[in-house]
Amino acid sequence: MGCIYKRGTRLWIRFKGPDGRWTQQKTSHLVGSEAKARKLLMEVEANIEAGAEFADAGSGPITVARYAQKWLGDRESLGLADWSGDAARLKNHVLPSIGTLRLDEVRPRHLVEMVRTLRGSAKLAPKTIYNVYSTLKALFRDAKIGDLLIGDSPTILTKYQLGENVDKDPEWRGTARYTRAELEILISDERIPIDRRVFYALEGIGGLRLGEVAGLRFRHHDAGLSPLGGILVATSYDTGRTKTRQPRRMPVHPTLAAILAEWRLSGWVEMMGRQPTLDDLIVPMPPEHAARRREG
């Protein structure tokens, strides 16, 4: 445990550094502000302890890139659905700019410069920039929780630095929807493989997200419920959770029910070469596609 002491009108703190040696450091607090100095000392010691637990022998300082690698690994192990998206945003837009900086030395001005570069490239939509910043904000929040930061997080930017969160093309959103005629084509046109038509029907008629359809199994579909059958939406892809982490039951429209019934009786069997079980995915990857992916 370190200590605080005074030199003239200023308070100093004394603590053991990462190398085990005692270190003295002047604070910005004057005599009479011992409580604030004590709080600073506790934060410094917690930061040193957290850094020692995080770092492997001879691995060097905790840079943004090093912490990001561990942070992404933790998010993957927790089964968070968008960890791969976070990884892409950090790799493509954050680490090239601030990856080599020490985690505890990143300042708001570094982030301002990073965002200015992203905005100046004119390649990213404003929403994408906000998504990048949101990922970075979560990373520094968890670093603060883990005592790897002293003081406040540098992610304090506002819309004046980030820009307005608006569509890059103001006319795009009004056209970003399928018409009824287009949806009918997607779920019935025989030029489209039947497994894709079933997938599109679950999305278009059922209103499921892509990941929710991908993780849907036959046990989640109860055709015997009255007056309409029901689907339990409980997972995104195969993570065991939806994006909101809240399962929900969805009534099955008669058109969707007919599509699912025909698919289970004939289409699924023809594609997979066997009868489906309750634990099988409703829309699995076709065997030939899965084989190509394994070869790749």
Side-chain angles (χ1 to χ4, degrees), residues 18 43-44 46-170 172-173 176 209-211 236-237 239 243 293 296:
E43 290 179 346
V44 169
N47 176 261
I48 293 171
E49 182 179 355
E53 293 175 354
F54 175 87
D56 297 322
S59 55
I62 305 174
T63 62
V64 174
R66 279 195 62 216
Y67 181 71
Q69 183 178 11
K70 177 182 181 299
W71 184 73
L72 291 169
D74 290 343
R75 291 174 77 79
E76 181 182 9
S77 65
L78 289 172
L80 300 182
D82 197 34
W83 75 268
S84 59
D86 291 334
R89 285 186 281 271
L90 291 174
K91 176 183 177 181
N92 296 329
H93 308 302
V94 174
L95 299 185
S97 177
I98 64 171
T100 59
L101 295 179
R102 279 181 44 161
L103 187 70
D104 58 355
E105 291 183 347
V106 177
R107 298 292 180 264
R109 59 184 173 84
H110 297 127
L111 305 187
V112 170
E113 183 60 32
M114 180 193 77
V115 170
R116 183 182 294 120
T117 300
L118 294 179
R119 293 180 65 187
S121 68
K123 295 180 179 179
L124 299 181
K127 182 173 176 59
T128 302
I129 293 176
Y130 269 80
N131 288 340
V132 171
Y133 183 71
S134 178
T135 297
L136 191 60
K137 194 171 183 178
L139 182 146
F140 277 99
R141 175 203 63 207
D142 290 347
K144 179 66 176 177
I145 292 173
D147 282 328
L148 291 170
L149 288 181
I150 297 177
D152 297 328
S153 167
T155 52
I156 60 172
L157 275 57
T158 69
K159 67 178 181 180
Y160 298 106
Q161 292 83 40
L162 296 170
E164 294 288 346
N165 189 9
V166 296
D167 293 325
K168 188 174 183 179
D169 179 359
W172 167 82
R173 190 166 297 275
R209 296 183 175 95
L210 186 151
S236 181
Y237 297 103
T239 62
K243 182 177 181 180
R293 176 169 292 187

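In what follows, residues are counted from 1 in the order of the sequence shown. Just so it is clear, the structure is predicted and the values come from calculations on it, not from any experiment.
When atom types are taken as modelled, the side chain of E76 and the backbone of G73 share no donor-acceptor pair closer than 3.5 angstrom. Under a 3.5 Å cut-off, the side chain of S134 and the backbone N or O of Y130 do not form any donor-acceptor pair. Between the side chain of Y133 and the backbone N or O of T155 there is at least one donor-acceptor pair closer than 3.5 Å.
The CG atom of L72 lies 7.5 Å from the CG atom of L139; values are rounded to the nearest 0.5 Å. The distance from the CZ atom of R119 to the CG atom of L124 is 11.5 Å, given to the nearest 0.5 Å. To the nearest 0.5 Å, the span separating CG on L157 from CD1 on I129 amounts to 11.5 Å. Interatomic distance, CZ of R116 versus CD of E113, reported as 5.0 Å (0.5 Å rounding). Interatomic distance, CD1 of I156 versus NZ of K137, reported as 10.0 Å (0.5 Å rounding).
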Would you mind writing out the side-chain donor-acceptor pairs for residues 93-103 within the sub-3.5 Å range, not counting sequence neighbours?
residue	atom	partner	partner atom	Å
R102	NE	D104	OD1	3.2
R102	NH2	D104	OD1	3.3
R102	NH2	D104	OD2	2.9

Inset, instruction - Could you please spell out the steps behind the side-chain contact (heavy atoms from CB on, under 4.5 Å) verdict for W71 and T135? - result: CA-CA 11 Å; W71 184 73; T135 297; 4.0 Å; yes
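Heavy atoms only, all atoms of each residue included: L90 and A68 are closest at CD1-CB, 4.1 Å. Between Y67 and A143, the shortest heavy-atom contact is OH-N, 3.2 Å.
For residues 83-101, the pairs satisfying salt bridge (Lys or Arg N to Asp or Glu O under 4.0 Å) are R75-D86, D82-R89, D86-R89, with sequence neighbours left out.
Heavy atoms of other residues, nucleotides or ligands lying less than 6.0 angstrom from CD of E105 number more than 12.
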